[in-house]
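Reviewing the structure listed below.
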Amino acid sequence: MTAELIPAKVITSYGSHGVVRTESGILLECRYRRKIGRPFCGDNILIRANYTAAEASLEKILPRKSSFYRGDAQLHKHAVAANLEQIVIVVSPWPEPPVHLIDRYLVAVEYLQLRALLVLNKADLFDKYPTASAQLQSQLGYLQSLGYPTLETACKGAPGTTQLEHQLQDKCSILVGLSGVGKSSLINSILPEKEIQTRAVSEATRKGTHTTTATTLYSLPVGGEIIDSPGVWEFGLWQMPGVDIERGFIDFDELRDNCRFSNCLHSHEPSCAVKQAVEAAQLPTSRYESYLQMLELFSTE
Ligand code: GDP
Ligand code: ZN
């Protein structure tokens, strides 16, 4: 092992070990140590390296800029990645997302204090599914007016994925969405080297295996990174205090100060500015319904 500490990044992480990449691009299998803790995919760490044996030991986990969680069946949260900057929410006209899914994802994005990018994929199928497409375009149009960047893509034909590539450049992103909306297809189109990188990770593990379901960090040819975590956020999120759910609806920001009660949760309280905005059609009913449903399903109170 080298005497000096070397900076590296966690590419994939298992229980007691992982694969890490040094700044010069060398992949090493890294053993964790109980007293230092367990790092996640995307963590910046310090290691001691044995280049001849292609192995390393974890010496320090550097401070995280962000943590990314998944929810389990009991709605508890578990960290799966570190230092993500952008969550790409992928939807398509077929399969169509359940009504409240996008709003729910946005609450999680706000909770994690990350940037959201909304992607409507399968633009080539708009003609085939006119009702679902128009509904999604209108929903995304409203969210764009709130400041969330949105774009349309197609893995097959126009408009392609060039704009998405620009949005991913020089950032660390993750794609979330229902199964079948085209996440793998989008990743394959912007990351033609995915298989090569996967193979390199497999070779760096002692047993020469790497499951395709393991959360893994890939480097993009345009600069930046994609963390692929198959199935993540496909079903549920996690429980959080009602006030965090409330903060996740950024269109409430300019309303909540006008509610009679400073701790108004906009459900049964009188003189509520959010309810008045819904009645005056200034706030879409669907957003308010998403909110009430989340309070009921995901609030810890
Ligand atoms: P994932 O489950 O979200 O990773 O979705 P996949 O990438 O596996 O895609 C599911 C199906 O949708 C596959 O049959 C893809 O070929 C298809 N698909 C993906 N993107 C597009 C697209 O832009 N247009 C059309 N027509 N089909 C697509
Ligand atoms: Zn209120």
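It should be emphasised that the depicted structure is a prediction, and the values quoted were computed from it without experimental measurement. Read the numbers this way: they start at 1 and go in the same order the structure lists the ligands and their atoms.
In this structure, Ser66 contributes its side chain and Leu84 its backbone to a donor-acceptor pair below 3.5 Å. Looking only at distances, no side-chain donor or acceptor of Lys183 sits under 3.5 Å from a matching main-chain atom of Asp228. Side chain of Gln113 to backbone of Val109: no donor-acceptor contact under 3.5 angstrom is found.
Here Ile61 sits in one hydrophobic cluster together with Ile6, Val10, Val20, Ile26, Leu28, Tyr32, Ile36, Ile45, Ile47, Tyr51, Leu58; the rule is ILVMFWY side chains under 4.5 Å apart, joined directly or through other members.
His266 contributes atom ND1 as its closest N/O/S atom to the Zn ion (ligand 2).
Of all the heavy atoms of Val181, the ones lying under 4.0 Å from any atom of ligand 1 are found in both the backbone and the side chain. With a 4.0 Å cut-off on non-hydrogen atoms, Asn188 does not touch ligand 1 at all. When heavy-atom distances to ligand 1 are checked against a 4.0 Å cut-off, Asn121 comes that close only through its side chain, counted from C-beta outward.
A salt bridge does not link Glu85 to Lys171: none of the charged nitrogens lies less than 4.0 Å from a carboxylate oxygen. Salt bridge Arg33/Glu59: present, at least one basic N to carboxylate O contact under 4.0 Å. Ion pairing between a basic and an acidic side chain is recognised when a charged N comes within 4.0 Å of a carboxylate O; Lys122 and Glu96 show no such pairing. Under the 4.0 Å criterion applied to side-chain N and carboxylate O atoms, Asp253 and Arg247 are not assigned as salt-bridge partners. Using a 4.0 Å cut-off between charged nitrogen and carboxylate oxygen, Asp43 and Lys9 do not count as a salt-bridge pair.
Of all atoms in ligand 1, listed by their number and element, those nearer than 4.0 Å to a heavy atom of Ser179 are 2 (O). Interface atoms of ligand 1 facing Leu178, defined by a heavy-atom separation under 4.0 Å, are 3 (O). For ligand 1, the atoms lying closer than 4.0 Å to a non-hydrogen atom of Leu125 are 26 (N). Applying the 4.0 Å criterion to heavy atoms of Ser185 picks out, from ligand 1, the atoms 6 (P), 7 (O), 9 (O), 15 (C), 19 (C), 20 (N).
On a distance-only criterion, Ala123 and ligand 1 share no N/O pair closer than 3.5 Å. In terms of N/O distances under 3.5 Å, ligand 1 is approached by Asp124. Close N/O approach between Cys155 and ligand 1 is found [any backbone or side-chain N/O within under 3.5 Å].
Annotation: atom 12 (O) of ligand 1 to nearest protein heavy atom, Lys122 NZ, 3.1 Å. Looking only at heavy atoms of the protein, atom 14 (O) of ligand 1 is closest to Lys156 NZ, 4.8 Å. Regarding atom 5 (O) of ligand 1, its nearest protein heavy-atom neighbour is Gly182 N, 3.0 Å. In this structure, atom 8 (O) of ligand 1 lies nearest to the protein heavy atom Ser184 OG, 4.1 Å. The shortest contact between atom 10 (C) of ligand 1 and any protein heavy atom is with Gly180 O, 3.5 Å.
Using cut-offs of 30° and 60° for the angle between ring planes, the Trp238 and Tyr69 rings count as perpendicular. Using bins of under 30°, 30° to 60° and over 60° for the plane-to-plane angle, the ring pair Trp233/Phe68 lands in the parallel bin.
Ligand 1 does not have Leu186 within reach: every non-hydrogen atom of the residue lies 4.0 Å or more from it. Contact annotation: Gly177 has no heavy atom less than 4.0 Å from any atom of ligand 1.
Between Pro221 and Pro192, the closest side-chain pair of non-hydrogen atoms falls below 4.5 Å.
In this structure, atom 21 (C) of ligand 1 is in close contact with the protein, since a protein heavy atom lies within 4.0 Å of it. For atom 18 (N) of ligand 1, a protein heavy-atom neighbour is present inside the 4.0 Å cut-off.
Rounded to 10 degrees, the SG-metal-SG angle spanning Cys259 and Cys272 at the Zn ion (ligand 2) equals 110°.
By the criterion of side-chain heavy atoms lying less than 4.5 angstrom apart, applied directly or through intervening Ile, Leu, Val, Met, Phe, Trp or Tyr residues, Ile11 is not grouped with Tyr14; the two fall into different hydrophobic clusters.
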